[in-house]
Colleague: 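Pasting a structure here, questions to come.
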Amino acid sequence: MTEADLPGPVTAKNAALLEMCLREAALAGKPLMERLVSSAQQVAGRPSVDATRRERLSHSMGLLRSLAVGLGERFPAHLNRAFSAKSKPVPAAAGLASLRFDQLELMNESQVEEKMELARALSSVSTEVEAKLKQLTALMSTVQGYKSIQPERNPLRPESYLDALIELFKQSEVGPDVRVEWLQCMGPDLGRALNDEYVRWITVLKTGGVKGASYALASGSAREVTAVGGSAGQSRHSEGLDPTPYADARLTVKQLRRLVMGEFDMRRDGDEGNPSMVPASGDRRQRGKAFENTIPAALETLEEMHQVEDAMQRLARRGGTTGAPAVQPHRGVEPEPVGDEGSDPSELARLATPELYARLRHESRSVGQVLGLEVVALMIENIVNDLRLLGPVREIVAMLESPLLRLVMLDQRFFSDKEHPARRLLDTIAARSAGYDSPDNPAFVAFCQPLRQAVQELVHVPIESTEPFALTLDLLVPIWNDLQQRERDQHAEAVKTLMHAEQRNIEAGAVGAHLRARPDAGDVPESVLAFASGPWAQVIAQVRVLAKLAEEDAPAAVPRLKKQANDYAALVGDLYWSVCPAKIGTETDRLLRLIPGLLNNLRAGLKTIEYPAKEANEFFDKLMTLHQRSLQKNAPSAQRSGWGELPPVSPARAERAETPADIESTNLWLAPAEAQSSGYLEDVGIDFSAVQEPPTQVMAYDESVHAGSQLAGFDAVVDHGTPGTPDLNAVESGGMVAMAMEPSMDASVLHQGDWVNMLRGGSASRAELIWVSPEQTMYMFTTTTGRNQSMSRGTLDRLIKQGHVQLLVPANVMDNALNAVTQTAMRNSMDADGIKPSE
């Protein structure tokens, strides 16, 4: 995303113009509705040869006349809400006229028709207003503070009016059939009415001195999307083969819905087949259940990679060349039989994908088979063109097209059942590969090698049931889990270390507060108080935590550890006394006897927490200065004790002795060994100045997205990156979508299992949050190379605040591919009425 894509400051004049335009445009909703109602009545009154159509129109227009006044009164409020929503970037795929693959199962035919009518209306209106809309969008972008044209941020775009219109209709409590009739009759004049509105607002904005923004030039870093093994949108034809009765079958929304609903199951040659084999309508969900597991239990224990090939070869031999498919019936539902003229499964397994597609389409014996082939081809094409997946993964998915094409000829539950073995295989591949950001990553190579081998074997296995797909998944998952378990075992020790450190730090916080609040702490120099409440509190806390752990593991050691903790705590009284000359008075001899043992005990205690020698020596230098000052103030007594004449303490040295060391006192501290094993990143001393600002994404963190809902429409966001910064746009995210986190956020929005980009020094490293301490004071990530990286809550909050953390959200590759198929079906539906055979 370039600088021109980001909003700049908005002048008071432009803000006022924008507010006035939206307010007046909403108020204009009442006369606009009156105009649309009038035009709808005229369209409905035209002669029609279809008596049924005339009757339907008469009914719907009667309802429209009776509700017209209320519609006009409420339309401005609906427009106002739509304008407010459309001021934010909402991709077209997320609007009311859009349709997702997973929605098809939940919709009836009337609802599907309404979606299609909305899409037709949007297309028609957009064509009508195209020229004026471009001018208005350029002006609206300027008043919103953008230097370049932002079509998706124009609140007055046609989608706003259509969204408001359909919501108004729904509020009127009329059915989808009536809403479609209204929309069809209003549609012809809606484009003309909006064109008049746009001319009005163009004039207002230009009169107000607004100059239109210009289009941003695309960066040269934008990548051309190419498919693996073919170009996007390329159609396959059954060249050299006689056309089948279903050669002209075309994928439309209605037909796609029938495929998803399983309505093509058990039907062939255009008739309903045996009615006794078709479950009742209430059993539709049962038809969509997964197949029962048919994998022999012995195969679940496979561990060595070479057994993948052996297992698949045994499956191929077991399948042989039998003519009848081995699809497992489920809950009394019989599989669709293969036509007598079908090719041998073993022969099909040897065909290249283009030739296979042509052969299968030629041999199709039902509309469902033809459409199934088309959906699989489009779905694989979309996945292969999705550059968010790493190249090797896309190549492997391309290889899966052959077995999937052969599968849907036998079993179309693939489209209706998310738990179908083949669907689960695709989903698992996409989900498991999402954690890797580079094909050169050794961990990715270890993930990809057995996957490629298993899929290569699957390609050459005769497909007569779902068993090869289930077996492939059952072979791969244990291998991948074993790789993950090895990583978890490596992280376990680091987690144990951090758990101990957190317990010690919590205890040290309480100890430090107590040591600062002691009655004898009033005259103690701040440097000594900071030491006592910081490092020395850690020493006491360390022994106390060990004592608690020993209560279960080594009870005999508990008394010794408790005594040691008490001795360390009692030592603080001597430390405080030794640096307060007024309290020492004439007890110089006691001080002289105390100092050697005090220093030795302090040094011994600091070793128990591996306190760095450099920091320790700095403190002891200050402590010796304070002791020297105490002795000098009682010089006669010191000299009598054999010290001789004491050199004076310089003012500068005395000042340094009073100053605390620049260390964390009671917040969070790890011993060097603890920090090394857990990859601990300290708060102190981190220089973030070298970090270049990452390219800003349009879409910020959204809790609903994070909770698991789809990141709908992010594909529409184009980010060309910024020169000199890591290229972090979606196409390079390895199955993940990068989302900018707002500076107001903190570590609380992250949860275990989340993936992030850590941006430091002009580069990015992908990491998974694998552990959050019980008190949420420590966070541990692991990078894709297996390196631990832990940090305190304070450090993570700082990184987020400074924009150096991006949340990565799974791209839902499979869902996106099927949604793209649905959009293709919508376009086909708008072009024609769809297929004719068996309609």
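Values in this document were obtained by computation on a predicted structure and should not be read as measured data.
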Colleague: With salt bridge (Lys or Arg N to Asp or Glu O under 4.0 Å) as the rule and sequence neighbours excluded, what pairs involving residues 124-141 come up?
Modeller: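 Of all non-adjacent pairs touching residues 124-141, those that pass salt bridge (Lys or Arg N to Asp or Glu O under 4.0 Å) are Glu130-Lys134.
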Colleague: Say whether, by atom type as modelled, one donor and one acceptor occur between the side chain of Asn385 and the main chain of Glu381 under 3.5 angstrom.
Modeller: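 Side chain of Asn385 to backbone of Glu381: a pair is present.
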Colleague: Apply the test side chain to side chain donor-acceptor pair (under 3.5 Å) to residues Ser84 and Arg81: give CA-CA distance (whole Å), side-chain angles for both, the deciding distance (0.1 Å), then the verdict.
Modeller: CA-CA 5 Å; Ser84 177; Arg81 285 193 291 271; over 6 Å; no
Colleague: Without hydrogens or angle criteria, can the side chains of Gln144 and Gln150 be said to hold a donor-acceptor pair below 3.5 Å?
Modeller: no
Colleague: Looking only at non-hydrogen atoms, find the nearest pair between Pro151 and Arg157 and report the distance.
Modeller: O-CD, 3.6 Å
Colleague: With sequence neighbours excluded, give me every salt bridge (Lys or Arg N to Asp or Glu O under 4.0 Å) pair touching residues 200-213.
Modeller: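 Every pair satisfying salt bridge (Lys or Arg N to Asp or Glu O under 4.0 Å) with a residue in residues 200-213: Glu197-Arg200.
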Colleague: Indicate yes or no: at least one non-hydrogen side-chain atom of Arg766 is less than 4.5 angstrom from one of Val756.
Modeller: no
Colleague: For residues Val805 and Met758, determine if any side-chain heavy atom of one lies less than 4.5 Å from a side-chain heavy atom of the other.
Modeller: yes
Colleague: For Ser38 and Glu34, indicate whether the former's side chain and the latter's backbone hold a donor-acceptor pair under 3.5 Å.
Modeller: no
Colleague: If you compare all heavy atoms of Val813 against all heavy atoms of Ala430, which two are closest, and at what distance to 0.1 Å?
Modeller: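 Where Val813 meets Ala430 most closely, the heavy atoms are CB-CB, 4.3 Å.
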Colleague: Donor-acceptor check, side chain of Asn382 to backbone of Leu378, threshold 3.5 angstrom: yes or no?
Modeller: yes
Colleague: Where the side chain of Tyr198 meets the backbone of Ala193, is there a donor-acceptor pair that is under 3.5 Å apart?
Modeller: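 Judged by distance alone, no pair lies under 3.5 Å.
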Colleague: Run through Leu36, Leu122, Val129 and flag the one making a side chain to side chain contact (heavy atoms under 4.5 Å, CB included) with Leu190.
Modeller: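 It is Leu36, the one option of Leu36, Leu122, Val129 that forms the side chain to side chain contact (heavy atoms under 4.5 Å, CB included) with Leu190.
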Colleague: What distance do Ser141 atom OG and Leu136 atom CG have between them, rounded to the nearest 0.5 Å?
Modeller: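 Going from OG on Ser141 over to CG on Leu136, the span is 9.0 Å.
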Colleague: Is the side chain of Thr822 donor-acceptor paired with the backbone N or O of Arg100 at a distance under 3.5 Å, no angle test?
Modeller: no
Colleague: Would you indicate whether the side-chain heavy atoms of Leu64 and Met186 approach each other to under 4.5 Å?
Modeller: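 Met186 vs Leu64: side chains touch.
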Colleague: Can Asn154 and Thr137 be counted as having a side-chain donor-acceptor contact under 3.5 angstrom?
Modeller: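 Thr137 and Asn154 do have a side-chain donor-acceptor pair below 3.5 Å.
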Colleague: Side-chain contact, heavy-atom cut-off 4.5 Å: Phe415 with Leu256?
Modeller: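 No, side chains not in contact.
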Colleague: Treating Lys147 as the side-chain partner and Thr142 as the backbone partner, does any N or O pair qualify as donor plus acceptor under 3.5 Å?
Modeller: no
Colleague: Quick one: are Phe101 and Val260 in side-chain contact, heavy atoms under 4.5 Å?
Modeller: yes
Colleague: Taking side chain as C-beta onward, heavy atoms only, is Tyr146 less than 4.5 Å from Arg153?
Modeller: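 They are in side-chain contact.
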Colleague: Do the side chains of Met261 and Arg258 get nearer than 4.5 Å, heavy atoms only?
Modeller: no
Colleague: Can you sort out the partners of Trp182 under ring-ring contact (aromatic ring centres under 6.0 Å, His included), two or more places apart, ordered by chain and number?
Modeller: Phe169
Colleague: Using a 4.5 Å cut-off on heavy atoms from C-beta on, say whether the side chain of Met814 contacts that of Arg423.
Modeller: yes
Colleague: For Val210, run the side chain to side chain contact (heavy atoms under 4.5 Å, CB included) check against Leu139, Ile202, Val204 and tell me which one passes.
Modeller: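 For Val210, the side chain to side chain contact (heavy atoms under 4.5 Å, CB included) check succeeds only for Leu139.
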Colleague: Quick check against the 3.5 Å criterion: does Arg257 have a side-chain atom that pairs as donor or acceptor with the backbone of Lys254?
Modeller: no
Colleague: Show which side-chain atoms of residues 16-26 pair as donor or acceptor with protein atoms under 3.5 Å away, not counting sequence neighbours.
Modeller:
none

Colleague: In a table with atom names and distances, give each donor-acceptor pair under 3.5 Å that connects a side chain of residues 171-178 to protein atoms at least two apart or in another chain.
Modeller:
from   : atom 1 : to     : atom 2 : distance (Å)
Gln171 : OE1    : Arg74  : NE     : 2.8
Gln171 : OE1    : His78  : NE2    : 3.3
Ser172 : OG     : Arg74  : NH2    : 3.1
Ser172 : OG     : Leu168 : O      : 3.1
Asp177 : OD1    : Ser110 : OG     : 2.9

Colleague: Give, for atom CZ of Arg179 and atom CG of Leu165, the distance between the pair rounded to the nearest 0.5 Å.
Modeller: 11.0 Å
Colleague: Has the side chain of Ser124 got a donor or acceptor atom that lies under 3.5 Å from a matching backbone atom of Arg120?
Modeller: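 Not at all, since once roles are kept as given, no pair shorter than 3.5 Å links the two residues.
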Colleague: Mind checking side chain to side chain contact (heavy atoms under 4.5 Å, CB included) for Asp746 and listing every partner two or more places apart, or none if nothing turns up?
Modeller: Ser748, Arg793, Asp797
Colleague: For Ser160 and Pro155, indicate whether the former's side chain and the latter's backbone hold a donor-acceptor pair under 3.5 Å.
Modeller: yes
Colleague: Go through Asp815 and Asp102 one step at a time and tell me if the side chain to side chain contact (heavy atoms under 4.5 Å, CB included) criterion holds.
Modeller: CA-CA 8 Å; Asp815 289 341; Asp102 60 359; 5.7 Å; no
Colleague: Salt bridge check, Asp189 against Arg35: does any charged N sit closer than 4.0 Å to a carboxylate O?
Modeller: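 A salt bridge is present here (some side-chain N lies under 4.0 Å from a carboxylate O).
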Colleague: To the nearest 0.5 Å, tell me how far Leu807 CG sits from Asn757 CG.
Modeller: 9.5 Å
Colleague: Could you state the interatomic distance from CG (Leu162) to OG (Ser126), rounded to the nearest 0.5 Å?
Modeller: 8.0 Å
Colleague: Quick check against the 3.5 Å criterion: does Ser829 have a side-chain atom that pairs as donor or acceptor with the backbone of Val253?
Modeller: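 Answer holds: yes.
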